[in-house]
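What follows is a single structure, written as structure tokens, with notes after it.
Each chain gets a letter, A, B and so on, in the order the sequences are listed, and its residues count up from 1.
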2 protein chains.
Amino acid sequence: MHSPELLKGTLQTIVLKVLKDNGKMYGYEITQLVKELSASRIMLTEGALYPTLHRLEADGLLKTEVVNIGKRVRKYYSLTTEGKALVKDRVTEFVDFIKTMSVVLQVKIA
Amino acid sequence: MHSPELLKGTLQTIVLKVLKDNGKMYGYEITQLVKELSASRIMLTEGALYPTLHRLEADGLLKTEVVNIGKRVRKYYSLTTEGKALVKDRVTEFVDFIKTMSVVLQVKIA
DNA sequence: GTCTAATACATAAATCTCTTATGTATTAAG
DNA sequence: CTTAATACATAAGAGATTTATGTATTAGAC
């Protein structure tokens with residue numbers, strides 16, 4: 001498990017990017033995918049994820065589609081046009097940040 | 001300038017590492033070095049830096065030496081034995097985090 | 001000579017994210 | 001039939017940083 005402090009500020013970027021790569025997904029599915037991709041090093045908590053999804057939707061970056069699975073409700077999220085445009089910027093911003101940090105910390109990122 | 005959110009959680013690591021690489025330094029000097037190394041992309045604010053230095057000192061990771069420059073006081077910080085041991089871990093932790101993130105975000109860090 | 005920017009420290013209130021805790025409900029498995 | 005997994009949601013508290021403010025010295029510009 002990674003130090004939760006480092007994760008701060010990356011949650012929106014993670015959500016936007018996995019939605020770009022996988023089309024529509026629902027909240028719980030996102031937590032499982034990120035857990036799998038990160039080999040259990042990043043465990044998104046519901047308390048962080050759902051407010052973030054709501055926020056991104058309110059900001060017009062995500063749109064939702066509610067589907068009934070038996071008696072259970074599943075809420076699918078997908079990127080809006082605006083959201084799609086932003087993903088690239090966010091990912092680029094993160095990569096740039098890493099590059100800067102690798103200089104400051106004098107480490108080589110392989 | 002990088003998004004300040006991404007910087008969260010990295011401040012201690014930055015401070016510890018530049019002190020390891022440069023021996024003793026004072027607060028203002030750290031802000032200037034980080035600004036230079038990052039091509040002005042990381043600007044440490046005093047409100048964040050000084051409490052962090054005090055915290056690291058209180059935790060026994062840094063030791064201080066006050067020097068009088070004319071009528072001005074300059075407070076030099078350097079790593080304690082404990083601090084030196086921790087730097088490696090913190091840097092490794094950051095690199096590991098980046099590796100995980102590059103998988104989750106499907107980006108290649110060159 | 002004097003005004004401004006840079007140097008150099010420091011603290012406190014406000015803000016922003018996220019963690020932790022709690023709540024509800026359905027479905028699958030043992 | 002009981003527990004774990006699925007699936008949503010919100011709210012209180014914690015923690016790190018920003019923003020604002022304060023003090024004081026020194027160098028440089030005019």
For this session: Report, as a single string ordered 5' to 3', how protein heavy atoms within less than 4.0 Å touch nucleotides 13-21 of chain C: B base, S sugar-phosphate only, - not at all.
Result: ---BBSBB-
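- In this structure, the CD atom of A/E29 is 18 Å from the P atom of D/dA5, given to the nearest Å.
- Shown here is A/K35, whose NZ atom has no more than 12 heavy atoms of other residues, nucleotides or ligands within 6.0 Å.
- Considering every non-hydrogen atom in both B/M1 and B/S40, the closest pair reads SD-O, 3.9 Å.
- Rounded to an integer number of Å, the gap from CG of B/L6 to P of D/dA16 is 17 Å.
- Contact check, B/Y50 against C/dC9: a side-chain N or O comes under 4.0 Å of OP1 or OP2.
- If you measure from atom CD of B/E65 to atom C1' of C/dA8, you get 17 Å, rounded to the nearest angstrom.
- At whole-Å resolution of the value, CG in A/L53 and C1' in D/dC8 are 11 Å apart.
- Closest of all the heavy-atom pairs between A/E82 and A/D59 is OE2-O, 4.0 Å.
- Looking only at side-chain heavy atoms (C-beta outward), B/L62 and B/L79 come within less than 4.5 Å of each other.
- The side chain to side chain contact (heavy atoms under 4.5 Å, CB included) check on A/R72 picks up nothing, with sequence neighbours excluded.
- The ring pair (Phe, Tyr, Trp, His ring centres under 6.0 Å) test applied to A/Y50 returns no partner, not counting sequence neighbours.
- Put simply, B/Y26 has no side-chain N or O that comes within less than 4.0 Å of OP1 or OP2 on C/dC9.
- Of all heavy-atom pairs between A/L37 and B/V103, the closest is O-CG1, 3.4 Å.
- Under a cut-off of 6.0 angstrom, the local environment of CD in B/E36 is sparse, with at most 12 non-hydrogen atoms contributed by other residues, nucleotides or ligands.
- DNA chain D is contacted by no residue of residues 84-98 of chain A, taking any non-hydrogen atom closer than 4.0 Å.
- Residues A/T10 and A/I42 have side chains not in contact (no heavy-atom distance under 4.5 Å, counting atoms from C-beta outward).
- A/L53 and A/G27 make their closest contact through CD1-CA, 4.0 Å (heavy atoms, listed as atom of the first residue, atom of the second, distance).
- Shown here are the ring pair (Phe, Tyr, Trp, His ring centres under 6.0 Å) partners of A/Y76, two or more places apart in sequence or in another chain: A/Y26.
- When rounded to the nearest whole Å, the span between CG of A/L33 and P of D/dA7 equals 14 Å.
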What does the list of N/O pairs under 3.5 Å between the protein and nucleotides 26-30 of chain C look like, with a distance for each?
unit_1 : atom_1 : unit_2 : atom_2 : d
C/dT26 : O2     : A/R72  : NH2    : 2.2
C/dT27 : OP1    : A/K71  : N      : 2.9
C/dT27 : O4'    : A/R72  : NH2    : 3.2

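- Contact between the side-chain N/O atoms of B/H54 and the OP1/OP2 oxygens of C/dT11 is found at a separation under 4.0 Å.
- As a whole-Å value, the separation of B/Y76 OH from C/dC9 P is 9 Å.
- In this entry the distance linking NZ of A/K75 with C1' of C/dA25 reads 16 Å, nearest Å.
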